[in-house]
Amino acid sequence: MLKNEIYNAVVAYITENQERFYRLAYSYTKNREASLDVVQNAICKAIEKYGDIRNVSAISSWFYRVLLNEVYAYIKKHKREIAVSDEDMPVQVYCERAFERDDGIYDSINKLPEQLRVIIILRFFEDMSLEEISKITETNINTVKTRLYGALKKLKVFYEEGGANG
Amino acid sequence: MDKIYRAKQIYTSIEIPPELNSIVASAIEKSKAPKNNRFSYIRVLAPCAACVAICVALASHGFFSDGGNSFGRIGKEAEAGISVASEMPGANVRGAKLAMEDTPYSTMVSSRVESEREKGNELVLIYLDENFASFCTSSAEDGTVRYSNFRQDTGEDVSLSELGIEGYPDNTQFYIRSAEKIVIVDNGTETELNIVGGRNED
């Protein structure tokens, strides 16, 4: 396939799915500006490296891999941020409304080990197949299945221990 | 599985910032430029419209771009919390020029920017208010990233001790994140510190 065709396909894919990328980033960073940074960086890297792609069908898993790498890089870089008390925080005018609702299961998913959490997010939130998840996470498909079942088992435990909404 | 699908509803209800589209379009456009002439993004926490205008003006004059087309994402932390990123692609050059001429501290910023660019360094303005500016520069020679912070009134570099942060060596890399916070950068790891009354709150 011509390089130009792949480039155009990559750009079209990114443009069409940008909201999904933002949501994925936000689910990790919980910060609007950081999520925009992550998405932006992922796009820049993807455009630089699109020559690595050999066919259009690989674009989705390839870009998600790039995006997740940027998410993890951000988390690693910022994990030493010091928490501040509420009284030291300036008044925030912008409020991300989506996260005002506290649902026990959502918290439980966030508490999963990362290897399991990413599979739950990609499978149930991003509606990806196990094969796609296998490519994105560069993990054997049987391992993906094992981790998926392991995650669901853990979620049942977290949820029951939390005793939230039952 | 009902519970997971309920969680999915929360996930899919995450609000999408209005500037996402322009940021994505800009990133795609900018990434086409040769790397040594590419500017990643402008991220400005500007407390006033004048600061935002400076950045728009600088971008319009090619300080942060490779051909005069403005690129970047500006976040404005002000009473309205409005993002002005969507205004960037259509920034009015004439209006931006006037804004730059009117603003008392624009000269210091632009001269500093020009000085870095003369060395061939890639430059990111990361913080700007009426007192200070913070830049991140990427060396044209070896790609080393460093941060510089200076006073708006004199153009002189500002040190950590001047900001009330003690206990760090003179060559510590840091940048100003907001009026209350600075970030120490050590081997790629960032540590945020509060500045309250000039005291180190670590």
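Naming convention: chains lettered A, B, ... in sequence-line order (proteins, then strands); numbering from 1 in each chain.
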Look up atom CD1 in B:I16 and atom OG in A:S35, then write down how far apart they are to the nearest 0.5 Å. 9.5 Å
Which pair of heavy atoms, one from B:K8 and one from A:F124, lies closest together, and at what distance? CD-O, 3.0 Å
Quick one, A:Y106 and B:R6 - any side-chain contact, counting heavy atoms below 4.5 Å? no
CD1 of B:I4 to CG of A:L155, rounded to nearest 0.5 Å, is 5.0 Å
Does atom CD of B:E162 have more than 12 heavy-atom neighbours, drawn from other residues, nucleotides or ligands, at distances under 6.0 Å? yes
With rounding to the nearest 0.5 angstrom, report the OH to CG distance, A:Y22 to B:N21. 14.0 Å
Evaluate whether atom CD of A:E131 has more than 12 neighbouring non-hydrogen atoms of other residues, nucleotides or ligands under 6.0 angstrom away. no
Is it true that, when you exclude B:D170 itself, more than 12 heavy atoms of the residues, nucleotides or ligands shown sit nearer than 6.0 Å to its CG? no
Sort A:L24 into side chain, backbone, both or neither according to what part of it lies under 4.5 angstrom from a heavy atom of chain B. both
May I ask you to test the A:I105-B:Y5 pair for a side-chain heavy-atom distance under 4.5 Å? no
Please assess A:E19 against B:I14 for the test side chain to side chain contact (heavy atoms under 4.5 Å, CB included), listing each intermediate value before the final yes or no. CA-CA 9 Å; A:E19 292 186 3; B:I14 292 172; over 6 Å; no
